[in-house]
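Computation of the quantities below employed the complete heavy-atom set of this structure, encompassing side-chain atoms and omitting hydrogens, waters and symmetry-equivalent molecules. Keep in mind the model is a prediction, meaning the values are calculated, not measured.
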Amino acid sequence: MQRFALLGAGFIGAVHAENLAAHPDVDLVFVYDIDLTRAAALADRFGGKATTNPADVFDATAVDAVFIASSTDTHAEHLRAAADAGLAVVCEKPIAPTLHEAERVVEHVEASGVFAMVDFNRRFDRDHVELKRVVDAGGVGPVELVQMSSRGPTLPPVEYLRVSGGQLRDQTVHFFDLCRWITGEDPVTVSVTGSALVDPTIAEFGDVDTSVAVLRLPSGGIVQIDSVRRTGYGYDERIEVMGADGLIESRRQPAANVALYSNAGITTSPLHKGWFERVQPTYAAALSAFVDALAAGGPSPASLRDGLNAQAIAEAATASLASGKTERIAYEGSAAP
Ligand SMILES: NC(=O)c1ccc[n+]([C@@H]2O[C@H](COP(=O)([O-])OP(=O)(O)OC[C@H]3O[C@@H](n4cnc5c(N)ncnc54)[C@H](O)[C@@H]3O)[C@@H](O)[C@H]2O)c1
C-alpha cells in the first residue's frame, strides 16, 4: 500500500481523489488545500483526513507520495517540499508558470532522487497507447508526417483564458508532449500561425483560439498540430502517423460506437460532448502507471524532464506566434529568468 496525500481539492483534485480512493494499492491519507471546506468535502467523499497544514503532508513517516493538483502557481513550491521530504511525487502540468522556474525546480527534484512524474494523462489514452505500440514496433516504418488535432467544443470563459498563459501553453502543450512521446524525437524548430476567430477580444491579451503549429524533427519528419477552442460539434481529438510503410490513426471518438440505419440514411453517435468525457479514463490509467512504476523502482512513465521539454516547445511556439517567424526550440538551461 502506498500512502498518498492529495494537494488541491478543486476541479481536477476531485477527479484524482476518486481515482486514489478506488485504487487497490493506494491509501488516501490526507486531502490538503488552503480552503478547508474544499478539502473536507473531498475527504468526506473519498477518505483521508482534511488538512490545511503542510507539515501533515510533507512528512515521510505518514506519507509515501503526494499528488499535486493545486493551482499552477503552487506546483514548484510543492515539488520542492516533496523532494526535501523524500516523498515520491506526481504533479499536474505545468511544472511551473515560467520555463525558467520549471528548470530550477526540475534540477532540485532530480538532485533529491525522489521518484517523480508529470501528469501528462493523454499518454494513457487507450487508442494513443496502441498507436504508439504499433509505431514503436515499426508498423508504419520510419515516421515522416504526424498530424494531430486538439479541438475543444466551446470556448472556455475569458477570465480563465486571460490567466491561462495562452492556447499553446494551456491546450497544445499536451500535444507537444505527445509529439515527443510518439516519435521519440525532440523537435528542433516550431512555426505557428493563429487567429482569434471565436472571440476577437482574447486577442487583446495576445491569445488565439485557432492555431496551427508545424514542428520539424531532427530526422526531418514533420509534425502538424491544429488547436481549436470551439468546434460546436463536440470534442474532436485525433492523431495520424504516416511512415514510409503505412499510416496509423487514433481516431475521433464518438460518445458511443453505434449507428442507426434507416431509410433516411445512417446516423452515428456524436463525438464526446467535452474534453473531459473523452479523457476521463486516462487519469486513472496515469495514476496506475505511477503506482506500478513507483513499486517497480521506475522508470517514470512521464518524467519531470518530459514536462520541462514540452514546456520548452510551448515557449518557442508562443514566441513564434508573436514573431511570425520559425523559432528554434531551446531545451536546456537557456530560459530567461
Ligand atoms: N492534466 C489535465 O488534463 C488537467 C486538467 C485540469 C487541470 N489541470 C491542472 O491542475 C491544476 C488545478 O486545476 P483545477 O482546474 O483543479 O483548479 P481549481 O482552481 O479548481 O483548484 C485548485 C485548488 O488548489 C487550491 N490551492 C490553491 N493554493 C493552494 C496551496 N498553496 N496549497 C494547497 N491548495 C491550494 C485551491 O484552493 C483550489 O481548491 C492546474 O495546474 C491545472 O493546469 C490539469
### Task
Locate the shortest heavy-atom distance separating Tyr283 from Asp119; write the atom from each residue and the value.
CD2-OD2, 3.8 Å
### Message
If the threshold is 4.0 Å, N to carboxylate O, is there a salt bridge linking Asp306 and Arg180?
### Response
yes
### Query
Would you call Glu101 and Arg104 a salt bridge, using N to O less than 4.0 angstrom?
no
### Task
Verify the neighbour count for atom CZ of Phe11: are there more than 12 heavy atoms of other residues, nucleotides or ligands below 6.0 Å?
yes
### Task
State, to 0.1 Å, how close Gly10 and Asp33 come at their nearest heavy-atom pair, and which atoms those are.
N-OD2, 4.2 Å
### Query
Roughly how far, to the nearest 0.5 Å, is the CG atom of Leu7 from the CD atom of Glu77?
9.5 Å
### Query
Is Asp125 paired with Arg278 through a side-chain N to carboxylate O contact shorter than 4.0 Å?
yes
### Query
Between Arg133 and Glu130, does at least one N-O distance fall below 4.0 Å, as a salt bridge requires?
yes
### Query
Who are the ring pair (Phe, Tyr, Trp, His ring centres under 6.0 Å) partners of Phe124, not counting sequence neighbours?
none
### Query
Taking it one step at a time, do Phe290 and Phe115 satisfy ring-ring contact (aromatic ring centres under 6.0 Å, His included)?
CA-CA 9 Å; Phe290 176 77; Phe115 184 73; 5.5 Å; yes
### Task
Quick one: do Thr210 and Ser195 satisfy side-chain hydrogen bond (donor to acceptor under 3.5 Å, both in side chains)? Show the steps, please.
CA-CA 5 Å; Thr210 308; Ser195 296; over 6 Å; no
### Query
Looking only at heavy atoms, what is the nearest atom pair of Ala102 and Gln311, with distance?
CB-OE1, 3.8 Å
### Message
Are more than 12 heavy atoms, taken from residues, nucleotides or ligands other than Asn257, located less than 6.0 Å from that residue's CG atom?
### Response
no
### Message
Using side-chain heavy atoms (C-beta onward) and a distance below 4.5 Å, is Gln253 in contact with Tyr235?
### Response
no
### Task
Decide yes or no on ring-ring contact (aromatic ring centres under 6.0 Å, His included) for Phe67 and His16, but give the supporting numbers first.
CA-CA 8 Å; Phe67 199 130; His16 296 316; 4.0 Å; yes
## Note on the structure
What one should report as the nearest heavy-atom pair of Ala69 and Glu92 is CA-CG, 4.1 Å
### Query
Mind checking whether Asp209 and Asp207 have side chains closer than 4.5 Å, heavy atoms only?
no
### Task
Check whether any side-chain heavy atom of Leu79 sits under 4.5 Å from a side-chain heavy atom of Val109, and report yes or no.
yes
#### Entry: Verify same cluster id: Val90, Val63 (apolar side-chain graph, 4.5 Å)
no
### Message
One thing to verify: whether Asp236 and Arg151 come together as a salt bridge, which I'm taking to mean a side-chain N less than 4.0 angstrom from a carboxylate O.
### Response
yes
### Query
When Asp177 is tested against each of Arg305, Arg123, Lys93 for salt bridge (Lys or Arg N to Asp or Glu O under 4.0 Å), which residue passes?
Arg123
### Task
Answer yes when Arg251 and Glu240 have at least one side-chain N-carboxylate O distance shorter than 4.0 Å, and no when they do not.
no
